[in-house]
Amino acid sequence: SLIAVVAGIYIGTGWAGYVFCYIVIVMTAPYTVKQRTILNRTPTWRAALNDIRMSVDKLHSQVTKLQKQNDSLAAQAQRLRDIEAPFIKMIEEQGHTVNDIRILARENRSVLLEMEKLTETE
């Protein structure tokens, strides 16, 4: 309404200037409302920054989980190396290689499976 008063004074004195200004305001109001709704729907910098912060927090928590899992797997791998070392030493003392033992283990497995099948059929 301040705009109407100023415009009424500018256009001239009398009620015709005020009526004209009010008509202009009433005619432009829907367009102004439309523009305001468009502006309200567009994302703001604050919303964009909050989304980025949320993504960074999720990524940080996932990285932390992966680091814990990696540490756990590294500890398990070290335990397996510690267990495997005496076996490899024993195999080498007997004059065999690890591959020979693997082949023997596969043969043993197949023999055990055949024996199991034979005992099931009897």
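When reading the values below, keep in mind they use all heavy atoms of this one structure, side chains included, and skip hydrogens, waters and symmetry mates. Because the structure is predicted, anything quoted here is derived from the model rather than measured.
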Inter-residue atom distance R36.CZ - L39.CG, 0.5 Å rounding = 5.5 Å

task = Output all residues satisfying side chain to side chain donor-acceptor pair (under 3.5 Å) with R53, sequence neighbours left out; order by chain, then residue number.
result = N50

task = Scan residues 99-108 for pairs that pass side chain to side chain donor-acceptor pair (under 3.5 Å), counting only residues two or more places apart or in two chains.
result = T97-D100

key: Side-chain cluster (under 4.5 Å, hydrophobic types only) that I38 belongs to, other residues   = none

key: Shared hydrophobic cluster, I103 / V111 (ILVMFWY, side-chain heavy atoms < 4.5 Å)   = no

request  = Taking side chain to side chain donor-acceptor pair (under 3.5 Å) as the test, write out the residues that go with Q78, two or more places apart.
outcome  = R81, D82

request  = Hey, could you give me the CD/CD distance between Q69 and Q76, rounded to the nearest 0.5 Å?
outcome  = 10.5 Å

ask   = For E92, what residues pass the side chain to side chain donor-acceptor pair (under 3.5 Å) criterion, not counting sequence neighbours?
value = none

note = Rounded to the nearest 0.5 Å, the CD1 atom of I91 sits from the CD atom of E84 at a distance of 8.5 Å

note = With sequence neighbours left out, the residues meeting side-chain contact (heavy atoms from CB on, under 4.5 Å) with T64 are H60, K68

task = Supply the atom-to-atom distance L66 CG to D71 CG, rounded to the nearest 0.5 angstrom.
result = 11.0 Å

